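Right, one structure below, let's go through it.
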Amino acid sequence: MRLPTAKPASPATRALEVVPPSGPTAWLTTFTAGAMTFLCVFALALSLASGRLANRWSEALAKTATIRLSAPAEQVQIQTDAILATLATTPGIASFRALDDAETRALLEPWFGPGLPVEALPIPRLIQVVEGEPPYDSEGLRQRLAAEAPGALLDDHTRWRRPLAEAASRIRLLGILSIALIGAAMAAMITLAARAALATNAEVIHVLRLVGAKDSYIARAFVRRFTLRALTGAAIGAAAGLIGVAALPAADAAGGFLTGLGFTGWGWLWPLALPPLAALVAFAATRRAAFQKLRELT
Amino acid sequence: MISFENVAYSYGGGELLSNVSLKLAPGSFHFLTGPSGAGKSTFLKLAYAELIPTSGRVILFDKDVTTLSRDDVARTRRRIGIVHQDCKFLDHMTLAANMALPFTVSDRESSAQDMEDLLGWVGLKHLADALPPQLSGGERQRAALARAVIVDPDIILADEPTGNVDWEMSLRILTLLVELNKMGKTILVATHDLNLIRQAKAQIQARVLRIAKHRVQLAGADL
Ligand SMILES: Nc1ncnc2c1ncn2[C@@H]1O[C@H](COP(=O)(O)OP(=O)(O)OP(=O)(O)O)[C@@H](O)[C@H]1O
Ligand SMILES: [Mg+2]
């Protein structure tokens, strides 16, 4: 006759068996981990997207600048020539071009309607400058322009680029903070669940200590259980979150902020890191709770 | 093996045990007796470091229990076989799994042959798959004894191992303990069954410790 204990069971499996199954509340940990990870995927998408946005705005706006010339009618052509001459001799400029009346009209059309008599209005001349590599020194250029063409104003967009980039990086920071908070909340909930499980099994733990179990052995049974639950929940949550993000409308050419929410390239790997991370959080939280509780119990 | 030096213990009220000094020599067989509530179980708990003396020193295997870490306590208990007054089984595991528990928690394997021999020795082969709550009092106590000896401990502490069994079964359990003592194990049995003590004295050299007026004293040969 072979006895049940003679069955080869790995020590790890048996460590799970010495603590009785935890019944209907077990799935709560899995659910919590799943919900938290689901939220985390979106926080992650938000911070990655706003990071990309901040870069895109900075880059696109940094590449071009505009020189605006407001001068009396007889001075316009003279100063335009002076500006073009200055630009031609400035290092770090890839190209430059004075906008003609038709282009200026096209620019203003959305605001003033078609048929605008550009010639009759004191509309400034616009000269578009595309930055080269390495870029020009904008302060130097500004000073030279002031000397050559007093009516010229260099606008390299820093004025409104900065607040936009700042807002984007602030959103990114909020995203990262959310991820940290979600992680901490998960750790707190798993700690509570683990402490409850340890308290419920106080008598089992007492018996295990009496037959010579070390704290680490008893802790292992609980830690494995909660880590596996968190891993399972987080895997489901991450999968659901990824499906949700993938189902968002694709970013169109306009590249608006909302449609840009999602992952690109290697970014898709980030959500895959969440389940192991959740397991790690559960592992650390349960382990800490277990050793603390074990000292209280016996 | 185990020695008490001026040990006192109190649960918070007055001293339950005081000024206890004694040594359990290797290979000795002791009975511990005294009225219910005298502190027999408390004495045993001091001997396996479940309780720490309120004053004095308890020395287990040459180490003061107050200096032992929690892991040291676990390791020390693997060298002591304990039969608890209330058996202390895990009710969700089979009898065989409960008996193997001291092996399981130290990540060691018990050989199937050893397990079978042990179950046969205590006459519980047919109940290997039963859950502890399904067992009778006597069956539980024999199983507890089997679990206490499974890791081949140097010392066996038994708290009322014949507490709720008939005379026949008491004798069987006593015989098992005597056999273990003949194999060289140090044995301490708490009991208030004087007939059992008489019976044992007929078979081996057994000493009797009596708890009276908070002291533990060696009783005379007259019993
Ligand atoms: N955890 C505890 N807290 C407070 N008092 C306790 C505790 N455990 C035991 N006592 C008290 O200590 C006294 C001795 O208890 P103990 O269990 O050692 O007696 P005993 O000699 O084993 O009795 P019995 O023969 O009935 O088993 C009893 O009066 C009991 O009420
Ligand atoms: Mg007792």
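Any value given below was found using the heavy atoms of this structure, including those in side chains, with hydrogens, waters and symmetry copies removed. By convention in this document, chain letters (A, B, ...) are assigned in the order of the sequence lines, proteins followed by strands, and residues within each chain are numbered from 1. The shown structure was predicted, so the numbers you read here are calculated from the model rather than taken from an experiment.
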Q. Of all heavy-atom pairs between B/Leu90 and A/Leu208, which one has the smallest distance, and what is that distance?
A. CD1-CD2, 4.0 Å
Q | Structural part of A/Ile218 lying under 4.5 Å from a heavy atom of chain B | A | neither
(Q) Please identify, among B/Leu101, B/Asp72, B/Asp91, B/Ile82, the residue contributing the most non-hydrogen atom pairs under 4.5 Å to chain A. (A) B/Leu101
Q) Around A/Phe31, counting heavy atoms of other residues, nucleotides and ligands shown, do more than 12 lie under 6.0 Å from its CZ? A) no
Q. What is the distance from atom CZ of B/Arg77 to atom CG of A/Leu210, rounded to the nearest 0.5 Å?
A. 5.5 Å
Q) So with a 6.0 Å cut-off around CD of A/Glu296, is the heavy-atom count from everything else above 12? A) yes
Q: Using a cut-off of 6.0 Å, state whether more than 12 heavy atoms not belonging to B/Trp121 lie near its atom CH2.
A: yes
Q) Hey, what do you get for CZ (B/Arg75) to NZ (A/Lys214), rounding to the nearest 0.5 Å? A) 4.0 Å
Q.
Tell me if the CZ atom of A/Arg287 is crowded by more than 12 foreign heavy atoms within 6.0 Å.
A. no
Q | Pair A/Arg220 + B/Asp107: basic N to acidic O under 4.0 Å | A | yes
Q: Mind listing the closest non-hydrogen atom pair of A/Ala213 and B/Ala74 along with its distance?
A: O-CB, 3.6 Å
Q) Should we count CZ of A/Arg172 as having more than 12 external heavy atoms under 6.0 Å? A) no
Q.
Would you say CZ of B/Arg207 has more than 12 non-hydrogen atoms from neighbouring residues, nucleotides or ligands within 6.0 angstrom?
A. no
Q: May I ask you to check whether over 12 heavy atoms, not counting those of A/Arg288, lie within 6.0 Å of atom CZ?
A: no
Q) Does the pair A/Arg209/B/Glu50 count as a salt bridge with the N-to-O cut at 4.0 Å? A) no
**Q.** Heavy-atom proximity to chain A below 4.5 Å, by part of B/Arg79
**A.** neither
Q) What part of A/Val207 lies closer than 4.5 angstrom to a heavy atom of chain B: side chain, backbone, both or neither? A) side chain
Q) Knowing that exactly one of B/Val105, B/Asn98, B/Val151 qualifies, which makes a side chain to side chain contact (heavy atoms under 4.5 Å, CB included) with A/Val211? A) B/Val105
